[in-house]
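The chains referred to below are lettered A, B, ... by the order of the sequence lines, with proteins before strands, and numbering in each begins at 1.
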2 protein chains.
Amino acid sequence: MPDMDFYKSLKRKADTKMLLLVADGIGGLPQTPGGKTELETASTPNLDRLAREGICGLLDPVSPGITPGSGPSHLALFGYDPITCNVGRGLLGALGVAFPIQHGDVAARINFCTVDAQGRVTDRRAGRIPTEKNRELIAKMRTVTVQGAEVFLETEKEHRAVVVFRGQDLYDALNDTDPQVTGEKPHDVKAADPKSEKLAKIVREWLGKIAKVLANDHPANMILLRGFARYEKFVTMDELHGITCGAIATYPMYRGVAKLVGMDVIDCGSEPEDEVEALKKSFDTFDFFYVHYKKIDSRGEDGDFAAKVKEIEHFDAIVAPIRQLAWDVIAVTCDHSTPAVLKAHSWHPCPLILWSKYERADGCERFGETECALKGGLGRLPSTALMPLILANAMRLEKFGA
Amino acid sequence: MPDMDFYKSLKRKADTKMLLLVADGIGGLPQTPGGKTELETASTPNLDRLAREGICGLLDPVSPGITPGSGPSHLALFGYDPITCNVGRGLLGALGVAFPIQHGDVAARINFCTVDAQGRVTDRRAGRIPTEKNRELIAKMRTVTVQGAEVFLETEKEHRAVVVFRGQDLYDALNDTDPQVTGEKPHDVKAADPKSEKLAKIVREWLGKIAKVLANDHPANMILLRGFARYEKFVTMDELHGITCGAIATYPMYRGVAKLVGMDVIDCGSEPEDEVEALKKSFDTFDFFYVHYKKIDSRGEDGDFAAKVKEIEHFDAIVAPIRQLAWDVIAVTCDHSTPAVLKAHSWHPCPLILWSKYERADGCERFGETECALKGGLGRLPSTALMPLILANAMRLEKFGA
């Protein structure tokens, strides 16, 4: 894949509208070998029409066989190399709670846990304390200060929270303190490189104070830290491709990833129909829209094949009003597959429709994984190839070379 | 893609004949979505037979979504990384007029233009002066000398010409002087890096003298410079693959690109039938032949779908006599697509036939983009993969590793 400077050099302005519609986890697997996937089982007249009129294919989020988290899988769809641009869990946690992260901040995820009198972990999730209790403890912890860094704390939910360290020269090569098993003490924080020593010292001091503050809050009488990650400013989609981007998503995590690449987040309610309304209202404001549909993935994670089928049909229903807008290019795909039979993200490539008046015909009569694989004219491409294809179809890439 | 040293290490001699037949711009688009492309509309019995007997696929000249110029797209077909080996416009101009370029030369393209009494550009093409006038002015300009470089000048046609600067330590990080709009003065030449300062100074001095020489030649009373490009010797096809290469092309630009990679240019007339004759005559002399067919691309650039179809049928007609020669491997493809509906090069992948007795069967019954995409046994590959496939089928690559 060419590098960012290459794409930057080809930026071209055009008066065209582009849509990337991410049906999170829509790719799936049959319940029994040889059967139909969730998408192939669902009745999807609007997607099928789009597939017939457009060109189809398959996208590999990272590379064949690799199951991605939502961070890398979205970055790949946005055209960023998901391996070199990978962001740590801590950062995704901070973005997920919409924390206003700054260049140089280091974030980590917190799990409240229970420790015994000898400091050994007896429950890595502190009995999944209620979110309300979590907020109470976080408020107490905010009173703790350390030299060398400001510390910000935000509740996620139940036993999970996020910490952000802000200061000069803080780096993130720090191990997790979570021992991953009960009966052991939390690991000490150590730096894996010299430039991370400063933050290691700060975190050790801070954890010592936190242990005292939480001492009487059994079962949540200690915390574990995971996924230290430094935020370094990303090249924005506008810098990279010269496009203004609006993001519509009902979950904070996806708004966070969109912000990471410089998109403007458009306010919307919590239902798919709210997303359509938000899209209509802001249609004139941006060149490119990223719209995220969450619940298909959730039903896949639940392992509920039938419910995932139903959610795909709900998704199909919102495609009709979305198509009424004056698009030049529409791409429909997922960030990763979430087969109900696996109850988890998977490595299977993502079905894709690319709709524009400048693509060739293919053999796809409907939208489905096997149809995309066998009759898709685009073939099998890395997810990072999608943005260049969208931009090309929107007449927004200059010719390379003479 | 493996690097050049990798391929060099696998060179193997064999007594086999290879043909790369480039139907410039043959890839296209339907006139209305879902319809047939130019190639799918044309009657091409000879290509269809070759497609049935060979194996088909699609080639991406640079990467998905990228529209290439003819320089990078040909370099990719010849097996050279089209991004790292990209050559500037000036160099392609010089190669196009068959200038004997040397390592370290810096070339730029010239546009004759009209300037007013204040030096502001009033016509960026000097009213497209006749080529004869261009030659006359170039002859005058050849009398101008500068310290630090030899200057060579060649007419292209109408208002276009080429300049080559030859000297010690000349580098090409210089801006275009073309302001791209009328009403402004030509830009001053500035160096974007320290090592290009020397040439910037030479060019400024030279332009000052040129302005005086042309002062009374209204409308062509000044020149604009674009696309400064330094020539650094390419690894040749012979060094890389141990093959002797003959190039047959009716347009100077393609002969130029072939020379860049060390091919011998075979004399021929201006018609496709002349190319066939030249190929027959030189068949015993080379291992590998690159034959370029131009006019399909020209009709695509014209936006004339029907004329492009007709030109494809003309191309098909010359395939029959070409096949009568004793080839071991034949590849037919284009350097890039040129859909009539876009009147320009495009990003769409190139249809490919690879014919040899050592390839597997696929489902292609005829030569067409959708047929290659859906039934092509080679799938979708970067153009740089073609040369290794040709060489392999010609038994000219050693096994890698034990």
Return yes if some donor-acceptor pair links the side-chain N/O of Arg380(B) with the main-chain N/O of Arg380(A) below 3.5 Å, else return no.
no
Would you compute the distance between atom [atom1] of [X] and atom [atom2] of [Y] and round it to the nearest 0.5 angstrom?
X	Y	atom1	atom2	answer
Ile55(A)	His348(B)	CD1	NE2	7.5 Å
Asp3(A)	Ile83(B)	CG	CD1	7.5 Å
Trp347(B)	Asn393(A)	CH2	CG	4.5 Å

Which portion of [X] sits near chain B, non-hydrogen atoms under 4.5 angstrom:
X	answer
Leu381(A)	side chain
Met395(A)	side chain
Leu374(A)	backbone

Select one option (side chain, backbone, both, neither) describing which atoms of [X] are under 4.5 Å from chain A's heavy atoms.
X	answer
Pro349(B)	both
Thr84(B)	neither
His345(B)	side chain

Any ring pair (Phe, Tyr, Trp, His ring centres under 6.0 Å) involving residues 372-402 of chain A? Give me the pairs, sequence neighbours left out, ordered by first then second residue.
Phe6(A)-Phe400(A)
Whether over 12 other heavy atoms sit under 6.0 Å from [X] [atom1]:
X	atom1	value
Asp5(A)	CG	yes
Lys294(B)	NZ	yes
Lys11(A)	NZ	yes

Which pairs of donor and acceptor atoms, one on a side chain in residues 87-98 of chain B, lie under 3.5 Å apart (sequence neighbours left out)?
none

Enumerate by number any residue of residues 355-367 of chain A whose heavy atoms lie under 4.5 Å from heavy atoms of chain B; in the absence of such residues, state 'none'.
Lys357(A), Tyr358(A), Glu359(A), Arg360(A), Ala361(A), Asp362(A), Gly363(A)
Which heavy atom of Ala373(B) sits nearest to which heavy atom of Gly377(A), and what is that distance?
CB-O, 3.7 Å
Only heavy atoms, only distances under 4.5 angstrom. Which residues in residues 64-75 of chain B are near chain A?
Pro64(B), Gly65(B), Ile66(B), Thr67(B), Pro68(B), Gly69(B), Ser70(B), Gly71(B), Pro72(B)
Most chain B-contacting option - heavy-atom pairs closer than 4.5 Å, from Ile390(A), Thr384(A), Leu378(A), Leu10(A)
Leu378(A)
As an exercise: rank Leu342(B), Leu58(B), Thr32(B) by heavy-atom pairs under 4.5 Å with chain A and give me the winner.
Leu342(B)
